[in-house]
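To keep things clear, I will list the structure first and then write my remarks on it.
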2 protein chains.
Amino acid sequence: MVTSRDVARVAGVAQSTVSYVLSGKRPTSEETRKKVEAAIGQLTYHPNAGARALASRRTRVIGLVIPFIRDLHMNSIMEFISVIATTARSHDYDILLVTEDEGADGIRRVVGQQICDGLILMQVEGEDARVPVVRDLKVPVVLIGIPQDPAGLVCIDADFEMAGRLCVHELSAAGHTRIAVLGWPAEVVKRPINYVNRFLAGVTRAARDCRVGLLELPGGTDRASVARSVRQGVDQTGPVPAFIAPDSGAQELVQQALFSQGLTPGVDVSVIGSTLAVVAERQLVPLTTIDLKPAAVSARAVEILCGLLEAAEYDVNEVLELIPPAIERRASVVGT
Amino acid sequence: MVTSRDVARVAGVAQSTVSYVLSGKRPTSEETRKKVEAAIGQLTYHPNAGARALASRRTRVIGLVIPFIRDLHMNSIMEFISVIATTARSHDYDILLVTEDEGADGIRRVVGQQICDGLILMQVEGEDARVPVVRDLKVPVVLIGIPQDPAGLVCIDADFEMAGRLCVHELSAAGHTRIAVLGWPAEVVKRPINYVNRFLAGVTRAARDCRVGLLELPGGTDRASVARSVRQGVDQTGPVPAFIAPDSGAQELVQQALFSQGLTPGVDVSVIGSTLAVVAERQLVPLTTIDLKPAAVSARAVEILCGLLEAAEYDVNEVLELIPPAIERRASVVGT
DNA sequence: GCCGATCATCGATACGTATCGACCACGCCG
DNA sequence: CGGCGTGGTCGATACGTATCGATGATCGGC
């Protein structure tokens, strides 16, 4: 194994000089720097992470607490993870996975053992068991998602309220005056997942502003219940029905239900959904969606955490940052 | 910060004794052990990972090299990652993510810096740029997937050859004598992804054994090309057509194409696919599938790697282990 | 031509754990 | 009863890096 002492010997300097060349925490002559860099290249030296962590009390590792696998949202989860890992690397941090099935102990463990310098929590819900644990942790933590009580926490999420407004404005602009909102399945609504309420609040507010009528319908994951809600929506929203169906798991089912009623999105019915672009484009009719910008949210979470980590003292200022979504117009909305 | 020295002081023993109680590498009296454990609990001591790694030259971390996001296989990727992380934890290892966009350097970096003790490579393809890099690494590496030349490597994968045979046997047993095989999209076939060839080899061999005719058709990711191949298959495989459609990305498209031809899987056409159970059950007709057991494959990869890590000397015996898949009968196969 | 200041470098030490050799107190066997 | 092995513990040291204080060299100002 090659150590900084070996590098120092080859370069003809002291070990501490090698360290200063690498960190730049003290001025170094051009000449010395070149000799050291040459030696590093020649020996293919890699600083030992354990020793570095021990001496500097920094690991340059971020713990990422990933949620259980519960449904088929998993493709978007993978996008989150991937972007987080890449962004972290661009700040010279690595990502350590912390699975939620270890529960609170897992979080306490990685922080206690000082395996990582900070944490990112994915998919934080309204009442999240992890929140009380991280609240009085002595390392910086960034939450993706907004818990019921975000006091003193650093949170980031998509702006679901704005997403709701965008949907209504788009349909209103297309001439619709009565809109059916196909909610989330009951098991999602029951756990207080904040974003559901925020989305609906945005929808409601925009509906009032635009003088548009709303019809809230229950969502579901199975064909039958989606079909039932769709039928109800078609009956009650006028000659050219309009749907907002934000649950990314139900996109196919909604379109199938409409087709079996003899309706074609973009022709005699309007639909706005929310899912990844690749999924939206694969639908029978390419779906107009709200892009919640998961990549931007995850990248920003990493940026914020890295900022806190570099700051000499992480004064835990409360942060609540919302990333504005954008509408992606495809072919599923029709003007009336 | 609480150190083992603090624990020792509280327990009234030497620091080394604390270490031995924790590792069990030397015998300890019942009494001492209790005192130490009490002190650990009282102080909530967590051994410092960096110091541990430095002294023991082991990090108890496994590097997981995850592939690019290229298609919508991502839900299965997430399943892999999740199972790998959980299984690793059950062996007291943590998982560090290594994204492939760092390329070969990323692998060399984590090994060089001794951030991890070993590696798992996901989604290894026939000609994989990572394989030459890991081949002469001095740490144990387990590949998920089989490269073109697996000599000297430790590989594990689903038994795609057997999967192919299972498909043919099932359809043959149902009375089909001519079977259409809907392949993978051209871009998948072009990169030599071994499992494609292995699957087709299994299909071919079983077809010969069962005296069944085969019709190989091009796959695709878009509606049009899938529809074209399906139409061709329907025309050329007899009164009750039979399809094998292993590409998990095309399951919906195949069913939709059949429906639009007026055919219902399980009634007047047979289809066998391969995808996650949750996806199979969501189809219009619940799909009979080959379960490639991704969870078993990933768990086994971790087990093997942990075995190599615990072994005093990792003599790099070549390993090639295939996990047998299973058929999951649902409703998409009809007897003739 | 001498003195303080600045720059570049060196030597020494600390970080917290694992592990080796040494040590003591037993008990067992001859 | 003496010596030998063994179970249980301690003290000391090594692991590789970061960082502090000290040292020597160089330079400008008077």
Side-chain angles (χ1 to χ4, degrees), chain A residues 1-37 39-40 43-61 92 109-115 117 310 312, chain B residues 1-37 39-40 43-61 92 109-117 309-310 312:
Chain A
M1 171 185 199
V2 183
T3 72
S4 61
R5 190 163 272 115
D6 299 327
V7 174
R9 194 176 310 123
V10 170
V13 299
Q15 179 268 328
S16 55
T17 303
V18 175
S19 180
Y20 285 122
V21 167
L22 255 53
S23 70
K25 293 196 177 174
R26 280 198 188 173
T28 308
S29 75
E30 182 72 11
E31 188 196 346
T32 304
R33 194 174 326 134
K34 275 187 186 156
K35 282 193 297 184
V36 169
E37 278 163 4
I40 287 178
L43 300 175
T44 65
Y45 165 71
H46 292 274
N48 179 287
R52 195 180 262 239
L54 181 57
S56 69
R57 314 179 134 286
R58 298 260 164 156
T59 63
R60 301 210 72 87
V61 169
D92 201 27
R109 182 179 62 82
V110 293
V111 172
Q113 296 189 158
Q114 308 196 41
I115 297 184
D117 298 334
E310 302 304 334
Chain B
M1 171 183 201
V2 182
T3 71
S4 61
R5 190 162 273 113
D6 299 326
V7 173
R9 193 176 312 120
V10 170
V13 299
Q15 179 268 329
S16 54
T17 302
V18 175
S19 181
Y20 284 123
V21 167
L22 255 53
S23 70
K25 292 196 178 177
R26 280 198 187 173
T28 308
S29 74
E30 182 72 12
E31 188 196 348
T32 303
R33 194 174 326 135
K34 274 187 187 155
K35 282 194 296 185
V36 170
E37 279 162 4
I40 287 178
L43 300 175
T44 64
Y45 164 71
H46 291 276
N48 179 287
R52 195 182 263 239
L54 181 57
S56 69
R57 313 180 136 284
R58 298 259 164 157
T59 62
R60 302 209 72 86
V61 170
D92 202 25
R109 182 179 61 83
V110 293
V111 172
Q113 296 190 157
Q114 307 196 43
I115 297 184
C116 57
D117 298 334
L309 289 173
E310 302 305 333

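Being a predicted model, the structure only gives us computed values, none of them experimental. The sequence lines fix the lettering, A, B, ..., with proteins before strands; numbering per chain opens at 1.
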Taking side-chain hydrogen bond (donor to acceptor under 3.5 Å, both in side chains) as the definition, give me every residue that meets it alongside B:Ser4, ordered by chain and number, with sequence neighbours left out. B:Gln15

Pairs involving residues 9-27 of chain B, ordered by first then second residue, that meet salt bridge (Lys or Arg N to Asp or Glu O under 4.0 Å) (sequence neighbours left out): B:Asp6-B:Arg9

Heavy atoms only, 4.0 Å cut-off, all strands: where does B:Thr3 land among base, sugar-phosphate and nothing? sugar-phosphate

So what does B:Val13 touch, heavy atoms closer than 4.0 Å: a base, only the sugar-phosphate, or nothing? sugar-phosphate

Looking at every strand, decide which applies to B:Arg5 at a 4.0 Å heavy-atom threshold: base, sugar-phosphate, or nothing. base

Comparing A:Gln15 and A:Arg33 on DNA chain C - which has the more 5′ nearest nucleotide: A:Arg33

So the contacted stretch of DNA chain D, first to last nucleotide with an atom under 4.0 Å from a non-hydrogen atom of chain A, runs from D:dG16 to D:dA22

Only counting residues at least two apart or in another chain, list the ones meeting salt bridge (charged side-chain N to carboxylate O under 4.0 Å, His left out) with A:Arg33. A:Glu30

More 5' along DNA chain D: B:Pro27 or A:Pro47, using each one's nearest nucleotide? B:Pro27

By side-chain contact (heavy atoms from CB on, under 4.5 Å) - contacts of A:Arg60 (at least two apart): A:Asp92, A:Tyr93, A:Glu310

Using heavy atoms to find the nearest nucleotide of DNA chain D for B:Ser29 and B:Ser56 separately, return the residue whose nucleotide is more 5′. B:Ser29

State which residues pass side-chain contact (heavy atoms from CB on, under 4.5 Å) with A:Ala55; sequence neighbours excluded, sorted by chain then number. none

Base, sugar-phosphate alone, or nothing: which one does A:Ser16 contact when heavy atoms must sit under 4.0 Å apart? base

A:Arg52 side, atom CZ; B:Ile115 side, atom CD1 - distance, nearest 0.5 Å: 9.0 Å

For B:Leu54, enumerate each residue passing the side-chain contact (heavy atoms from CB on, under 4.5 Å) test, keeping only those at least two apart in sequence or located in another chain. A:Asn48, A:Ala51, A:Leu54

Anything under 3.5 Å between a protein N or O and an N or O of nucleotides 21-23 of chain C, put it in a table, one pair a line.
from: C:dG21; atom 1: N7; to: B:Arg26; atom 2: NH2; distance (Å): 3.2
from: C:dG21; atom 1: O6; to: B:Arg26; atom 2: NH1; distance (Å): 2.3
from: C:dG21; atom 1: O6; to: B:Arg26; atom 2: NH2; distance (Å): 3.3

Residues at least two apart in sequence or cross-chain that pass side-chain contact (heavy atoms from CB on, under 4.5 Å) with B:Ala53, listed by chain then number, are B:Thr59

